Amino acid sequence: MEFVSANPTGPLHVGHGRGAAFGASLANVLAAAGFNVSREFYVNDAGRQMDILTLSTWLRYLEMNDIHIPFPQNAYQGEYVKTMAQLIYEAHAQRYRHHPDLLLGDLPESAREKAIDTDEQLDKLIANAKKILGEDYAYIHNFVLTEQLGDCRNDLMEFGVEFDVWFSEQSLFDNGLVARAIELLQSKHYLYQQDGATWFRSTDFGDEKDRVVQRENGQFTYFASDIAYHLNKFERGFDQVINIWGADHHGYIPRVKGALQALGLDPAKLEIALVQFAVLYRDGKKAPMSTRSGEFVTLRELREEVGKDAARFFYVVRKSDQHLDFDLDLAKSKSNENPVYYVQYAHARICSVLAQWGGDFVDLMQLTHANTEELSNPGELALLQKLIDYPDIVEMAAKEFSPHIIAFYLRELAGEFHSYYNSTRFLVPEISVQHARLALIASIHQVLNNGLNLLGVSAPDKM
RNA sequence: GUGCCCGUAGCUCAAUCGGAUAGAGCACCAGCCUUCUAAGCUGGGGGUUACAGGUUCGAUUCCUGUCGGGCACGCCA
């Protein structure tokens with residue numbers, strides 16, 4: 001199962017957060033349903049975006065060396081770029097300082113005063129930077145990649161999202177897998193040349209148009225490495241391959257499945273779950289979101305503002321293919337308005353009761369032999385039924401890729417418990433009744449714990 | 001313009017992939033703490049499921065159209 005797979009070109013933002021929360025929860029649910037799940041993050045460390053980040057960082061570094069070139073509008077504007085430049089400066093001082101004439105050589109004179117804003121000019125700057133820096137370019141490239149990836153990994157870890165495999169796109173090129181995938185398609189006659197580029201006949205498999213795999217300039221497209229990546233996934237022997245993508249990539253599905261089919265693989269083994277965008281609202285207003293301009297709320301800021309538990313719960317409480325309005329003010333309110341506390345509170349209450357009962361582990365074992373005949377009122381019977389439902393709920397959530405079903409279930413279970421709590425005393429003198437009721441709430445405690453765990457939400461003993 | 005997704009209570013969303021009186025939370029109104037945690041409980045109002053047709057014993061669900069919103073339509077990733 002592959003998810004997040006954000007470009008390591010800047011901090012994760014709240015949009016990535018949803019994919020992370022959904023993917024991690026779904027992986028947990030699938031594992032709980034009995035599947036052997038491998039969690040994978042595909043690292044786009046080979047593309048042009050990394051070059052732009054490298055250039056951006058170097059330009060910021062030059063500024064620190066009193067070399068001022070108008071910062072390109074389509075470069076990475078974020079403060080974190082300056083931070084990385086600062087780190088390089090502190091470690092290597094003026095080592096990467098070069099005269100601006102070399103960099104601006106073949107650009108229009110106006111580029112000295114006014115920031116450039118076209119892709120062509122940006123690519124020229126990148127090409128020049130590679131020429132001027134030589135070996136040093138690779139150092140900066142590697143430095144910013146390591147920085148961003150480390151930051152990303154750390155960020156996700158603190159969000160309770162961990163991966164078994166971090167798969168490098170660059171490794172596909174280094175190991176010749178891209179070349180092999182392309183040759184394979186070639187040998188099956190699914191490729192052709194036109195306008196100097198190499199095209200894949202994706203229209204043979206229902207796509208709207210054929211797609212370029214190798215550009216006129218010799219560069220492979222992202223699609224090319226993606227074909228190699230998916231071929232590699234299948235060759236690793238997974239029974240089922242699951243991708244979680246942002247909904248803006250939905251147009252990408254036919255070409256990837258088409259490529260698999262062309263390679264003689266079963267496209268039905270690849271399931272793609274689309275996650276819609278999350279839109280943040282603060283004070284009733286939309287919060288701005290744009291990676292390139294540096295104007296976005298980061299996942300880290302979100303976690304600091306609303307806390308991990310509320311963030312994880314809010315992200316998965318909606319069906320993933322629905323747009324999500326994320327109300328920051330609601331998520332961070334620590335009152336009855338906030339649904340995450342409702343479930344956690346039920347758990348904490350049970351812990352409190354069990355603590356006051358004071359039994360130890362041996363006593364708890366006795367509870368499992370409690371006389372359940374004592375549980376007879378409608379609330380108790382409803383709770384028993386609810387607990388019995390849990391395995392089916394997990395199975396359904398797994399089958400439909402819908403962790404939100406777990407969230408709804410937990411809220412219902414917590415609701416029935418709270419109601420029970422208010423109507424019935426547990427620590428009553430009659431031992432037979434007491435043990436039966438304690439056995440019931442201990443079971444609820446267990447299921448709440450399991451369910452919250454699947455969602456990546458903590459189950460506190462005290463609140 | 002073409003394709004995909006969506007439209008359910010004032011707000012945010014469910015509805016076991018065609019079943020019985022469409023359910024929760026928030027907000028609003030009225031009650032409940034000398035008893036295991038009031039981040040809780042009890043009760044109440046709130047709907048022509050965007051609209052118009054069609055299929056069906058039965059439609060929020062399936063089909064067609066209209067209106068409204070999102071996304072995608074690069075030799076970008």
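Letters go in sequence order (proteins before strands), and every chain restarts at 1. Keep in mind the model is a prediction, meaning the values are calculated, not measured.
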Does [X] place a side-chain N or O at less than 4.0 Å from the phosphate oxygens OP1/OP2 of [N]?
| X | N | result |
| --- | --- | --- |
| Tyr222(A) | A77(B) | no |
| Tyr342(A) | C41(B) | yes |
| Ser419(A) | U42(B) | yes |
| Gln356(A) | U37(B) | yes |
| Arg211(A) | G74(B) | no |
| Lys209(A) | C75(B) | yes |
| Lys319(A) | A15(B) | yes |

Under 4.0 Å, counting only non-hydrogen atoms across every strand here, what does [X] touch: a base, just sugar-phosphate, or nothing?
| X | result |
| --- | --- |
| His249(A) | base |
| Met396(A) | sugar-phosphate |
| Asp210(A) | nothing |
| Ser225(A) | nothing |
| Asn217(A) | nothing |

The side chain of [X] is closest to which nucleotide in this list: [options]?
| X | options | result |
| --- | --- | --- |
| Ala348(A) | A77(B), C13(B), U37(B) | U37(B) |
| Arg349(A) | C75(B), A77(B), A38(B) | A38(B) |
| Asn44(A) | A77(B), C71(B), C75(B) | A77(B) |
| Arg425(A) | U35(B), C13(B), C75(B) | U35(B) |

What integer number of Å spans the [atom1] atoms of [N] and [M]?
| N | M | atom1 | result |
| --- | --- | --- | --- |
| A50(B) | C67(B) | C1' | 8 Å |
| U8(B) | U12(B) | C1' | 12 Å |
| A30(B) | A20(B) | P | 35 Å |
| G19(B) | U42(B) | C1' | 32 Å |
| C6(B) | U16(B) | P | 14 Å |
| U64(B) | U48(B) | P | 26 Å |

Aromatic ring of Phe426(A) stacked on base six-ring of C36(B), 5.5 Å, 30°: yes

Is His250(A) stacked on the base of G3(B), with ring centres under 5.5 Å apart and planes under 30° apart? no

Would you kindly check if the NZ (Lys) or CZ (Arg) of Arg255(A) is within the cone defined by 45 degrees around the ring axis of Phe200(A) and under 6.0 Å from the six-membered ring centre? no

Whole angstrom value for the distance that separates [atom2] of [N] from [atom1] of [X]:
| X | N | atom1 | atom2 | value |
| --- | --- | --- | --- | --- |
| Arg411(A) | A15(B) | CZ | C1' | 13 Å |
| Asp207(A) | U2(B) | CG | C1' | 14 Å |
| His347(A) | A39(B) | NE2 | C1' | 15 Å |
| Phe408(A) | U12(B) | CZ | P | 14 Å |
| Glu208(A) | C4(B) | CD | C1' | 9 Å |
| Glu430(A) | C36(B) | CD | P | 18 Å |

Taking the nucleotide of RNA chain B with the nearest heavy atom to each, does Glu169(A) or Asn422(A) sit closer to the 5' end? Asn422(A)

Between Ser320(A) and Val212(A), whichever has its closest RNA chain B nucleotide further toward 5' is Ser320(A)

Test item: side-chain donor near acceptor, Asn449(A) and Gln446(A), under 3.5 Å: no

Asp106(A) and Asn128(A): side chain donor to acceptor below 3.5 Å: yes

Identified pairing partner of [N], criterion: Watson-Crick or G-U wobble below 3.5 Å:
| N | result |
| --- | --- |
| U35(B) | none |
| G1(B) | C73(B) |
| C62(B) | G54(B) |

If you compare all heavy atoms of Ser5(A) against all heavy atoms of Asn44(A), which two are closest, and at what distance to 0.1 Å? O-OD1, 3.8 Å

All heavy atoms of Ala24(A) vs all of Phe3(A), minimum pair found to be N-CE1, 3.4 Å

chi for C33(B) classified (syn = within 90 degrees of 0, anti otherwise) as syn

Give the ring-plane orientation class for Phe163(A) versus Phe41(A), where under 30° counts as parallel, over 60° as perpendicular and anything between as tilted. perpendicular

Set out, in order, the CA-CA distance, both residues' side-chain angles and the distance that settles salt bridge (Lys or Arg N to Asp or Glu O under 4.0 Å) for Lys233(A) and Glu40(A), then state yes or no. CA-CA 10 Å; Lys233(A) 281 190 196 180; Glu40(A) 187 151 321; 5.7 Å; no

Kindly determine whether Glu412(A) and Lys386(A) satisfy salt bridge (Lys or Arg N to Asp or Glu O under 4.0 Å), including the steps that lead there. CA-CA 9 Å; Glu412(A) 284 167 14; Lys386(A) 203 78 191 165; 2.6 Å; yes

